[in-house]
Amino acid sequence: MPDDNSSNFITDIIDAHNDSARFAGRVHTRFPPEPNGYLHIGHAKSICLNFGIAERYGGLCNLRFDDTNPAKEEQEYIDAITEDLRWLGYQWHDRVYFASDYFDQLYDMAVELIRIGRAYVDELTPEQIREYRGSLTEPGRESPYRNRPVEENLALFEKMRAGGFQEGEAVLRAKIDMSSGNINMRDPVMYRILDTPHPRTGDKWKIYPMYDFAHGQSDSIEAITHSICTLEYEDHRPLYDWYLDNIEIYHPQQIEFARLNLSHTVLSKRKLIRLVEEGYVRGWDDPRMPTIAGLRRRGYTPSAIRRFCEEVGVGKVKGVVALHKLEYHIRQDLNKTALRVMAVINPLKVVIENYPDDQVEQMEAINNPEDESAGTRRVPFSKVLYIERDDFMEDPPRKFFRLAPGREVRLRYAYFITCKDVIKDADGNVVELRCAYDPETRGGAAPDGRRVKATLHWVSAQHAIKAEARLYETLFSEEYPENDRDKDFTDFVNPDSLTVVDPIYVEPHVKSARAGDRFQFERLAYFVVDEESTAEKLVFNRTVTLRDQWRKAQKRAGKPAKRRRRRKAPQG
RNA sequence: AGGGAAGUAGCUCAAUCGGCAGAGCAGGUGCCUUUGGAGCACAAGGUUAAAGGUUCGAGUCCUUUCUUCCCUGCCA
């Protein structure tokens, strides 16, 4: 956000560069996704950082797809990433680039390194290359092909390009230092042979540059000033610098920061793709996924995600941010903007005995107490209602202030009612409440000034519309599903991460809601209309529950909130 | 003595040139309420990983130690 004035170690570096005029005061960043998966909340941090810094300094931020490995990359991902970025609200105008746009230039740079004796074609097998590389504590050995004459290397590299080798038969390597403590400097591979068509260049190339040989030069070509990446590239910076220095082209500054980790989920593409392919979720945009597409479908807003990213900040310390911090921001946002509506998820029938059989009243309700301009609506009230089953206890504990036999409570925007009788089935389950209302309390206030301790939400049984609710819990039951070395993270997938309740009963006002509309079901949670909704039936995704101090109080008292246990969806 | 990096409140981050260690969230207490779930107020929370040194003064500078993380793809 442009109004974010907080400094961090990256802005300190940029300020120093500006003071020394290293980049003549320019600030130009880039967001470089590889199109091999969907964007997730961790990418959002990088996006906010790169675009945010450009904005802050009046600079630019490019979108660049890092598409150097056609074996893994697909057009589907390019499209999805573009859509997610737009949804988050960032602008790159016409500055969308592809590393593959630079394949010709990269090839020329490679030829140049061969010419000056700093690159060679190696015909060791992949296994041999691994052996020759040495280990973390032992130096590597030089390849027998390392000192071929320039002309031979030139000819061989041309043969690689022309398809004269099979995959794995030859690579182009930089000639650096096989005894370096930094393994990335032990003659890294620059080009490998891949007989795979590329989504953008088709069959033109048989050889593809490695990340290290493509990224820095792409930054250079685009005149990037600050190339911000994650911590695992710290070891690559000497190589980033080496290529630029030896090719002798404009030299941006690579800066590494700690990627985002979030509790109760995983944020690596490799793991997310497993969740999708192994069927733990319904797809990349499953509302339980930490992907941008999943969060969008879950009902998250771009501004909540952006504020979250601003709040977690940027540093070099690896840590895990608690999921509740993300939830805090979406509640904060939705509290100000979501329309309030009444809905009953787990119904208990209430009959108002002294209310006229066929009477229907339209009660005026406030759409959003946080936003007067949202106006009011009318909610039908009649003799037979549903309230939330959790809002009644036959034998309530001391601090339970809701409905109980003989007790009076308020029905929101309607009347005070008193529970007169409890009707049970043969098994002793409560199936219906017989209540009396006080006609003097219409609208919810008593002329005699008497007060009630609770206000309940309700719907009129004959007017309520039926809908489906998808209640989500965390995707993983463990806070850190990746930290058990003996178990696979999928062992910790939460079996209760999705509970479908069908039907729930919603006040008729929402009948015309459309996919993407967000509501607060009062006293329960925020919900968003899912794209699978039809004209006949709305489907609601629970974005996040309201903060629940009753449940918290129960925990504190050491009594599990028995009546609040998640119930199974009714049949049907 | 393989290379690289990081240690400040429960979590995520601040702390200008060396000058009284702060904030948000979580947790706590209380107030209020026609959402008991909104809102508000208050308090608490620290041997700045440790030891030593320089200094009138060290989270910050120097030395040593400890802990944790990353690196042996023809992935990015």
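All chains are named by letter (A, B, ...) in the order of the sequence lines, taking the proteins before the strands, and each is independently numbered beginning at 1. Keep in mind that this is a model prediction, so the values were computed, not measured. Hydrogens, waters and symmetry mates play no part in the numbers below; they use all other heavy atoms, side chains included.
Counting non-hydrogen atoms under 4.0 angstrom, A:Glu522 reaches a base of the nucleic acid. Looking at heavy-atom distances under 4.0 Å, A:Glu34 makes contact with sugar-phosphate atoms alone, never a base. A:Arg451 comes within 4.0 angstrom of the backbone, heavy atoms only, and of no base. A:Ser180 comes within 4.0 angstrom of nothing in the nucleic acid, heavy atoms only. Residue contacts for A:Val312: at a heavy-atom cut-off of 4.0 Å it reaches the sugar-phosphate backbone alone, with no base atom in range. Counting non-hydrogen atoms under 4.0 angstrom, A:Leu194 reaches nothing in the nucleic acid.
Judged purely by distance below 3.5 Å, without hydrogens or angles, the side chains of A:Tyr120 and A:Asp187 pair a donor atom with an acceptor atom. A:His457 and A:Arg523 are linked by a side-chain donor-acceptor pair at a separation below 3.5 angstrom, with hydrogens and angles left out of the test.
Open room surrounds CD on A:Glu372; 12 or fewer heavy atoms of other groups in view lie less than 6.0 Å from it.
The side chain of A:Lys325 approaches B:U12 more closely than any other nucleotide in the set B:A14, B:U12, B:G37.
Between the P atoms of B:U55 and B:A1, the separation comes to 35 Å (whole Å). Rounded to the nearest Å, the gap between the P atom of B:U8 and that of B:G46 is 14 Å.
For B:C61, the paired nucleotide is B:G53, the pair qualifying as Watson-Crick or G-U wobble because both relevant distances are below 3.5 Å. Across all strands shown, B:A41 forms a Watson-Crick or G-U wobble pair, both distances under 3.5 Å, with B:U29. Searching all strands for a Watson-Crick or G-U wobble partner of B:C66 with both distances below 3.5 Å returns B:G7. A 3.5 Å limit on both hydrogen-bonding distances identifies no Watson-Crick or G-U partner for B:A14.
Annotation: side chain of A:Arg274 is in contact with side chain of A:Phe489 (closest heavy-atom distance under 4.5 Å).
When atom types are taken as modelled, the side chain of A:Gln254 and the backbone of A:His236 share no donor-acceptor pair closer than 3.5 angstrom.
Residue side chain A:Arg186 does not reach the base of B:U72 through any donor-acceptor N/O pair under 3.5 Å, judged by distance alone.
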